Colleague: 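Provided herewith is a single structure, encoded as structure tokens, for subsequent inquiry.
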Amino acid sequence: MTIRSAIALTLVFRFCLLAAPVHAQQFPELTGRVVDNANYLGPEEEAALEQRLAQFESETGNQFVVVTLPDLKGGGNISYPEDDFTYRLGRHWGIGDAERNDGVILLAANEERRVRIEVGYGLEPVLTDALSATIIRNDILPRFRDGDMGGGLVAGADAVMTQLGLPEGEALARQDELLRSELRSAPEDE
């Protein structure tokens, strides 16, 4: 290695260190089954949702957390895609049973105007990405558009809990019917 290439390599290395983000991604603290850092819920609404999520967990064994955030920056300057952020948040918090991989997070980020339902692989057969998108589109977003942020979160959480509270065969049949119904009601291309 020549002196010139060693200097160039050293400069590249120093540049990479300077270019690295100063703040690693930080996540909010898990304070309960509802982490409402964007203040979407009123106190009574939050307490009622917290209670329903606790009852759901005791009945099904599935941990479900509803989280709202002002943004997806995670303490840094860069906004993360909601799917990546939500996945990492669930891993960081350790949502669900590690062996069964049965956790669920419903996330709403204010600044990015994003909503995501992240489902552990153990629950994906009965709560697919397609059904999660349907819940977001039909139960959450209409209320958000009307300014009822708390109502949208509660409706979305209720739809998820209803689906996951069913026996597997019923849940699969309900999922198929909801998705077929949505396809029938979708406008046809011209």
Side-chain angles (χ1 to χ4, degrees), residues 33-36 38 40-42 45-46 48-69 71-72 79-90 95-97 100-190:
R33 291 173 183 87
V34 178
V35 179
D36 187 22
Y40 282 11
L41 299 159
E45 208 170 29
E46 184 174 340
L49 182 56
E50 179 84 30
Q51 183 179 7
R52 287 206 311 275
L53 290 168
Q55 181 178 352
F56 170 77
E57 186 174 337
S58 78
E59 290 173 358
T60 66
N62 301 324
Q63 188 176 13
F64 181 12
V65 176
V66 175
V67 58
T68 70
L69 300 171
D71 59 55
L72 295 175
S79 258
Y80 295 89
E82 72 274 7
D83 57 341
D84 184 50
F85 187 94
T86 311
Y87 171 78
R88 289 173 186 257
L89 180 64
I95 300 300
D97 180 88
R100 291 190 319 260
N101 200 356
D102 61 353
V104 180
I105 294 179
L106 167 54
L107 175 131
N110 195 45
E111 184 176 308
E112 293 84 358
R113 300 173 58 102
R114 297 287 185 206
V115 179
R116 173 86 179 162
I117 298 171
E118 187 69 36
V119 180
Y121 292 125
L123 297 176
E124 279 189 348
V126 294
L127 185 59
T128 62
D129 288 343
L131 182 57
S132 294
T134 298
I135 290 170
I136 291 168
R137 205 171 21 259
N138 295 341
D139 297 299
I140 300 173
L141 294 182
R143 288 172 177 85
F144 277 17
R145 285 188 205 101
D146 291 340
D148 183 10
M149 309 309 271
L153 288 175
V154 169
D158 285 344
V160 168
M161 287 186 285
T162 296
Q163 179 67 15
L164 295 178
L166 295 171
E168 187 174 348
E170 287 179 44
L172 291 170
R174 180 176 182 270
Q175 176 173 248
D176 289 345
E177 180 52 38
L178 287 171
L179 294 174
R180 274 196 302 276
S181 174
E182 183 160 302
L183 286 173
R184 284 191 300 267
S185 65
E188 292 185 30
D189 293 333
E190 295 179 27

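No experiment lies behind these values; they were computed from the predicted model shown.
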Colleague: Measuring from Leu178:CG to Thr134:OG1, what's the distance to the nearest 0.5 Å?
Modeller: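 That separation rounds to 7.5 Å.
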Colleague: Name all pairs fulfilling the side-chain hydrogen bond (donor to acceptor under 3.5 Å, both in side chains) condition that reach into residues 151-161, sequence neighbours left out, sorted by first residue then second.
Modeller: Arg52-Asp158
Colleague: Mind listing the side-chain donor-acceptor pairs of residues 142-157 below 3.5 Å, one per line with the distance, residues two or more places apart or on another chain?
Modeller:
residue	atom	partner	partner atom	Å
Arg143	NH1	Asp139	O	2.8
Asp148	OD1	Gly151	N	2.8

Colleague: Closest approach of Thr68 and Tyr40, non-hydrogen atoms and distance?
Modeller: CG2-CD2, 3.6 Å
Colleague: Side-chain contact, heavy-atom cut-off 4.5 Å: Leu166 with Val126?
Modeller: no
Colleague: Listed by chain and number, what are the side-chain hydrogen bond (donor to acceptor under 3.5 Å, both in side chains) partners of Asn101, not counting sequence neighbours?
Modeller: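 Listed in chain order: nothing, the list is empty.
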Colleague: List the residues meeting side-chain contact (heavy atoms from CB on, under 4.5 Å) with Glu50, not counting sequence neighbours, and say none if there are none.
Modeller: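 Arg33, Val34.
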Colleague: CZ/Phe56 to OG1/Thr162 distance, rounded to the nearest 0.5 angstrom?
Modeller: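 Rounded to the nearest 0.5 Å, the CZ-OG1 separation comes out at 9.0 Å.
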Colleague: Are Leu123 and Asn62 side-chain neighbours, meaning at least one heavy-atom pair lies under 4.5 Å?
Modeller: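 A side-chain contact under 4.5 Å exists here.
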Colleague: If a pair satisfies ring pair (Phe, Tyr, Trp, His ring centres under 6.0 Å) and one of its residues is in residues 100-134, list it, with sequence neighbours excluded.
Modeller: none
Colleague: Do you know the tightest heavy-atom contact between Leu41 and Leu49?
Modeller: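 Smallest interatomic distance, heavy atoms only, reads CD1-CD2, 4.2 Å.
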Colleague: Please report the C-alpha distance between Asp102 and Gln63 in whole Å, then the side-chain angles of each, then the deciding distance to 0.1 Å, and finally whether the side-chain contact (heavy atoms from CB on, under 4.5 Å) criterion is met.
Modeller: CA-CA 7 Å; Asp102 61 353; Gln63 188 176 13; 5.8 Å; no
Colleague: Looking at residues at least two apart in the chain, or sitting in another chain, which of them share a salt bridge (charged side-chain N to carboxylate O under 4.0 Å, His left out) with Arg180?
Modeller: Glu177
Colleague: Begin with the C-alpha distance, continue with both residues' side-chain angles, and end with the deciding distance and a verdict on side-chain contact (heavy atoms from CB on, under 4.5 Å) for Phe85 and Leu69.
Modeller: CA-CA 11 Å; Phe85 187 94; Leu69 300 171; 3.3 Å; yes
Colleague: Got a sec, which residues hit side-chain hydrogen bond (donor to acceptor under 3.5 Å, both in side chains) with Glu59, two or more places apart in sequence or on another chain?
Modeller: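 By the side-chain hydrogen bond (donor to acceptor under 3.5 Å, both in side chains) rule, Glu59 matches Gln55.
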Colleague: Please report the shortest heavy-atom distance between Glu112 and Asp71, naming the atom on each side.
Modeller: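 Where Glu112 meets Asp71 most closely, the heavy atoms are OE1-CA, 3.3 Å.
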Colleague: Of the non-hydrogen atoms in Pro125 and Gly122, which two are nearest, and what is the gap between them?
Modeller: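 Nearest pair, atom of Pro125 first, then Gly122: CD-O, 3.8 Å.
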Colleague: Given Leu164 and Val104, is the side-chain contact (heavy atoms from CB on, under 4.5 Å) satisfied, shown in steps?
Modeller: CA-CA 10 Å; Leu164 295 178; Val104 180; 3.7 Å; yes
Colleague: Taking only residues two or more places apart in sequence or in another chain, which ones pass side-chain hydrogen bond (donor to acceptor under 3.5 Å, both in side chains) with Glu46?
Modeller: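 Once residues adjacent in sequence are excluded, Glu46 has no partner under the side-chain hydrogen bond (donor to acceptor under 3.5 Å, both in side chains) criterion.
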Colleague: Taking side-chain contact (heavy atoms from CB on, under 4.5 Å) as the definition, give me every residue that meets it alongside Ile136, ordered by chain and number, with sequence neighbours left out.
Modeller: Val115, Ile117, Ile140, Leu141
Colleague: Only counting residues at least two apart or in another chain, list the ones meeting side-chain contact (heavy atoms from CB on, under 4.5 Å) with Asp129.
Modeller: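 side-chain contact (heavy atoms from CB on, under 4.5 Å) list for Asp129, sorted by chain: Glu124.
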Colleague: Only pairs at least two apart or in different chains count here, so list each side-chain hydrogen bond (donor to acceptor under 3.5 Å, both in side chains) that has a residue in residues 164-176.
Modeller: Thr128-Gln175, Gln163-Arg174
Colleague: Is a side-chain donor or acceptor of Glu118 paired with a backbone partner of Gly90 at a separation under 3.5 angstrom?
Modeller: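 The answer is no, because no donor-acceptor pair under 3.5 Å joins these two groups.
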Colleague: Is it the case that more than 12 heavy atoms not belonging to Arg114 sit under 6.0 Å from its CZ atom?
Modeller: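 No, the 6.0 Å shell around CZ holds no more than 12 heavy atoms from other groups.
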Colleague: Between Leu53 and Met161, does the side-chain contact (heavy atoms from CB on, under 4.5 Å) criterion hold? Intermediate values first, please.
Modeller: CA-CA 8 Å; Leu53 290 168; Met161 287 186 285; 3.8 Å; yes
Colleague: Applying side-chain hydrogen bond (donor to acceptor under 3.5 Å, both in side chains), name anything that partners Ser132, two or more places apart in sequence or on another chain.
Modeller: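 In terms of side-chain hydrogen bond (donor to acceptor under 3.5 Å, both in side chains), with neighbours along the sequence ignored, Ser132 is linked to no residue.
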Colleague: Calculate, to the nearest 0.5 Å, the distance between atoms CD and CG belonging to Glu45 and Asp36 respectively.
Modeller: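 Between atom CD of Glu45 and atom CG of Asp36 there are 9.0 Å.
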